[in-house]
Amino acid sequence: MVYRPVEVNRAPSRHRFQCCIPPDPGEVRHTLVDLQQALSDLVSPSWLATIELVGAEVLNNIVEHSFTDCANANAFIEIDADLRDEFLTLKVVDNGVAMPGGSVPRPPFPKVNGVPVEDLPEGGFGWALIHELSSEVHYKRSDDRNVLTLLLKL
């Protein structure tokens, strides 16, 4: 199942963006651009940046970690972004490997005070950023699929 239809539904107080992509970094980039275009007239530029950052962290984590040992020709990532009033619900479903320990990591931010930018670690900020920028973070494994649901209060 490799398809990339993008569906954008608009109603007076609800806007929805849905698509299904293969776990590929290029597809992630295209999807983030499509999502930003779909929401650009609906939220402020700062919230667009927040949505892009959270979406990029989530989708890139899935590509890098959920499918590393998976030779699944039917690999997919489904994205459903539902904007209602001042809340964005971002639901991401994939058929990769489960989260270690059955839950999302909850790491603290790495200590960066006084550390020169060039000496900061390249990774380790993703889940801390996702938790910081989201009002709610929920994960479950259901029918061999990972289901991650985030709520962002705009």
Side-chain angles (χ1 to χ4, degrees), residues 4 6-8 14-70 75-142 144-154:
R4 195 176 184 285
V6 172
E7 182 178 325
V8 178
R14 181 178 182 191
H15 307 277
R16 195 167 197 177
F17 171 93
Q18 297 172 291
C19 69
C20 184
I21 62 172
D24 173 79
E27 289 295 332
V28 167
R29 280 190 298 278
H30 291 302
T31 299
L32 292 170
V33 168
D34 290 345
L35 177 59
Q36 283 203 306
Q37 288 175 345
L39 299 177
S40 65
D41 293 337
L42 305 170
V43 298
S44 70
S46 65
W47 271 110
L48 271 180
T50 298
I51 293 165
E52 180 184 26
L53 177 60
V54 169
E57 289 296 338
V58 166
L59 295 174
N60 286 317
N61 275 343
I62 292 170
V63 170
E64 292 174 22
H65 302 292
S66 191
F67 291 101
T68 54
D69 298 330
C70 181
F76 68 86
I77 304 170
E78 294 175 350
I79 298 107
D80 184 352
D82 190 1
L83 178 65
R84 291 186 196 198
D85 303 316
E86 72 272 4
F87 293 96
L88 177 76
T89 302
L90 180 63
K91 182 178 177 183
V92 182
V93 178
D94 70 80
N95 62 342
V97 298
M99 289 268 199
S103 63
V104 294
R106 185 71 195 226
F109 273 105
K111 299 211 185 290
V112 297
N113 292 343
V115 177
V117 172
E118 60 273 6
D119 293 337
L120 289 174
E122 186 174 323
F125 294 91
W127 278 109
L129 281 170
I130 291 167
H131 283 286
E132 181 69 24
L133 297 172
S134 302
S135 300
E136 296 178 23
V137 178
H138 301 281
Y139 168 79
K140 67 179 178 178
R141 181 79 175 173
S142 177
D144 296 327
R145 295 179 177 195
N146 297 304
V147 181
L148 179 67
T149 306
L150 308 173
L151 181 67
L152 286 82
K153 185 175 186 325
L154 308 179

Once you round to the nearest 0.5 Å, how far does [atom1] of [X] lie from [atom2] of [Y]?
{"X": "His30", "Y": "Leu35", "atom1": "NE2", "atom2": "CG", "answer": "14.5 Å"}
{"X": "Leu42", "Y": "Ile51", "atom1": "CG", "atom2": "CD1", "answer": "9.5 Å"}
{"X": "Leu90", "Y": "Leu83", "atom1": "CG", "atom2": "CG", "answer": "11.5 Å"}
{"X": "Arg29", "Y": "Leu59", "atom1": "CZ", "atom2": "CG", "answer": "12.0 Å"}
{"X": "Thr89", "Y": "Arg16", "atom1": "OG1", "atom2": "CZ", "answer": "9.0 Å"}

Q. Taking the side chain from Thr50 and the backbone from Ser46, do they hold a donor-acceptor pair closer than 3.5 Å?
A. yes
**Q.** Side-chain (Glu52) to main-chain (Leu32) donor-acceptor, under 3.5 angstrom
**A.** no
Non-hydrogen atoms of [X] and [Y] that approach each other most closely:
{"X": "Thr31", "Y": "Cys19", "answer": "CG2-SG, 3.6 Å"}
{"X": "Pro23", "Y": "Ile77", "answer": "CA-CD1, 3.8 Å"}
{"X": "Val137", "Y": "Trp127", "answer": "CG1-CZ3, 4.5 Å"}

Q: Could you pull out all residues at least two apart from Leu129 that satisfy side-chain contact (heavy atoms from CB on, under 4.5 Å)?
A: Leu53, Glu57, Phe109, Phe125
Q. For atom CD of Glu132, is the number of surrounding heavy atoms from other residues, nucleotides or ligands below 6.0 Å larger than 12?
A. no
Partners meeting side-chain hydrogen bond (donor to acceptor under 3.5 Å, both in side chains) with [X] (sequence neighbours left out):
{"X": "Ser142", "answer": "none"}
{"X": "Ser40", "answer": "none"}
{"X": "Glu136", "answer": "His138"}

**Q.** Heavy-atom side-chain proximity of His131 to Pro105 below 4.5 angstrom
**A.** no
Q. Less than 4.5 Å apart, any side-chain heavy atom of Asn95 and any of Phe67?
A. yes
Q: Take Ile130 and Asn61 through the side chain to side chain contact (heavy atoms under 4.5 Å, CB included) test and state the conclusion after the steps.
A: CA-CA 11 Å; Ile130 291 167; Asn61 275 343; 4.3 Å; yes
Q: Applying salt bridge (charged side-chain N to carboxylate O under 4.0 Å, His left out), name anything that partners Asp24, two or more places apart in sequence or on another chain.
A: none
Q: List the steps, then state whether side chain to side chain contact (heavy atoms under 4.5 Å, CB included) holds for Phe17 with Gln36.
A: CA-CA 10 Å; Phe17 171 93; Gln36 283 203 306; over 6 Å; no
Can you list, pair by pair, the side-chain donor-acceptor contacts under 3.5 Å of residues 146-154, counting residues two or more places apart and other chains?
from   : atom 1 : to     : atom 2 : distance (Å)
Asn146 : OD1    : Tyr139 : OH     : 2.5
Asn146 : OD1    : Arg141 : NH1    : 3.0
Asn146 : ND2    : Ser66  : OG     : 3.4
Asn146 : ND2    : Asp94  : OD1    : 2.8
Asn146 : ND2    : Gly96  : O      : 3.4
Asn146 : ND2    : Val97  : O      : 2.9

